[in-house]
Amino acid sequence: MANIIIDTEITKDSKKISRHIYGHFAEHLGRCIYDGFYVGEDSSIPNTRGIRNDIVEALKKIKIPNLRWPGGCFADEYHWKDGIGPKDKRPVTINTHWGEVLEDNSFGTHEFFDLCEQLGCEPCICGNVGSGTVQEMKNWIEYITFDGKSTLAELRRTNGKEKPWKIKYWDIGNENWGCGGTMSAEYYSDLYCQYSTYCKNLPGNQLYKIASGITKEYPIDTILHWYDVLLKKTIPQNNLGAYENNLIIHGITFHCYTRAGFEAPSIKFNKRRWYSTMQNALQHEKIIEKIIGIMDIHDPRNSVSLIVDEWGTWWRAEEGTNPKFLYQQNSMRDALVASLHLDMFNNHCDRIHMANIAQTINVLQAMILTQDEKMLLTPSYHVFDMYQVHQDATLLPTTITSEKCEQGKKNLFAIHGSASIDDEQKIHVSLSNIELDDAIDISIEFSHIELKDRKISARILRGEKMNSHNTFDNPDQVKPKNFDSSNFEVERNKLSLKMPSMSIIVIEL
Ligand code: AHR
């Protein structure tokens, strides 16, 4: 049994769920960019200037709000000038993080902005702190955003782009405690301020500057130390610049991958692994709340947001693939990890402005897998599809009192969820049941409204088995279906339903 209370009253303190929580990430890693998004203009796969049309169409359907690029670890070894100009003149470099494969730089700044324009999403660029320079980052911003006649702006024009692009989201480094330079919190904080000072808002463009946070893999004291040091250094600078809207920092990142032990396979897992995965995913909320606690102390004005710009499952690479390419299958277990996180982010939308699942195509918890001209949508894609109703809607505070899972001995609550109301006054409730064996009776009480005049419908995502997944031969094994409305019982302001095991439901009222 689970009892849910949803407060439907909108007040001046109500919070909006930023659509950017539903963001994505594309790194030069394995087959995400090359042989993923980008097949080149000469490919027989239908494309627009080298970018696959079927991928663009699928991501537009889930209203992809932003795309983070070029990494990840790759970002701190990427030199943007390698990726501009005639393609046959671009240098060939080595992707030292991801298998030492050769990088021909045929996908660079112009191609990335073209991709974002085709997708209709906001670009998010991660600049190089680890092996770059302040000047190099400053120049990249000028190349992209300056409308005047500087040498860099003229170079952009020579390369085919007359008018500047606009860019808001700008990461100043990635994982600078590790692959981004193995720095201490103290050293990175100083460096961050130096870089940020020269990331200029040129006329007509306003940057949203994002500092690198830390990963959940560290002990909690180390995690909190990182945020403490960084915020102590930057918040006084923000307070000084607040009146001119000239903040040194707008966001700070956090990375939280979900695993079930070392090298765990994506599809061959047992019930124990299912529950340890769910436990691992749900722990992220506690860490996030602790980080937000530190942010509330240093930044009570809420001038800095938390950006969870890498999250998702990390399994052993599929057999027969390059282990450095991080190609993995995606099952109902991944779908539940996605829904749990999206609900978690919705419920903390007061601080969390953006999140990016890693990574969009063919890498880690992907939305889409490709094999030559074939493409399949993963169960995780379908979660993003069902959850898009929350984008830019107002959060409705939700209290869930759920029974625990029968199996797994993990002390885990079975039911999780979030709720929102959109501009057309439609209420959406998303629910996940992580229990493997039993359906659960759910009662949802809505404060301040009666349900009798509301049309109620729902979609459900569920597989036959806990590891049900889509394959190139059977791409529709797992996909959302309408949830039979005869399953609902309505009484004044209460809605009851039986929620099948290992399922995700989004209800619309
Ligand atoms: O997403 C894969 C890698 O995970 C990223 O490059 C890095 O930032 C993280 O460690």
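All ligand and atom numbering here is 1-based and tracks the order in the structure. All of these numbers come straight from a predicted model, not from anything done at the bench.
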Handout entry: Arg351 and Asp299 ion-paired at < 4.0 Å
Key = yes
Handout entry: Contacts of type side chain to side chain donor-acceptor pair (under 3.5 Å), residue His255, not counting sequence neighbours
Key = Glu175, Asp309
Practice task
Would you please determine whether Phe74 falls within less than 4.0 Å of ligand 1 on a heavy-atom basis?
Solution key: no
Problem - ligand 1 contact on Asn174 by region, counting heavy-atom pairs under 4.0 Å - result: side chain
Problem - Those atoms of ligand 1 less than 4.0 Å from some heavy atom in Gln359 - result: 1 (O), 2 (C)
Exercise for the section: Using a strict cut-off of 4.0 Å, indicate which atoms of ligand 1 neighbour a heavy atom of Trp98. Expected result: 3 (C), 6 (O)
Problem - Student check: side-chain heavy atoms of Val363 and Phe25 closer than 4.5 Å - result: no
Problem - Option of least heavy-atom distance to atom 7 (C) of ligand 1 (set: Glu27, His28, Glu217, Glu310) - result: Glu310
Fill in the blank from the handout: ring pair (Phe, Tyr, Trp, His ring centres under 6.0 Å) filter on Tyr169, not counting sequence neighbours, yields His20, Tyr208, His353
Handout entry: Between Asn467 and Arg333: side-chain donor-acceptor atoms closer than 3.5 Å
Key = no
Problem - Numbered atoms of ligand 1 (with element) below 4.0 Å of Glu175, judged on heavy atoms - result: 7 (C), 8 (O), 9 (C), 10 (O)
Handout entry: Nitrogen or oxygen of Cys73 less than 3.5 angstrom from that of ligand 1
Key = yes
Handout entry: Salt-bridge contact Arg90-Asp104 (side-chain N to carboxylate O under 4.0 Å)
Key = no
Exercise for the section: Examine the side chains of Glu103 and Tyr34 and answer whether a donor and an acceptor come within less than 3.5 Å of each other. Expected result: yes
Fill in the blank from the handout: Under 4.0 Å from one or more heavy atoms of Leu364, ligand 1 contributes atoms 1 (O), 2 (C)
Problem - Enumerated ligand 1 atoms positioned under 4.0 Å from heavy atoms of Phe25 - result: 1 (O)
Problem - Within reach of ligand 1, part of Trp311 (heavy-atom separation under 4.0 Å) - result: neither
Handout entry: Polar contact flag, side-chain donor to acceptor under 3.5 angstrom, Glu111-Ser106
Key = no
Problem - Protein heavy atom at shortest distance from atom 1 (O) of ligand 1 - result: Tyr257 OH, 2.7 Å
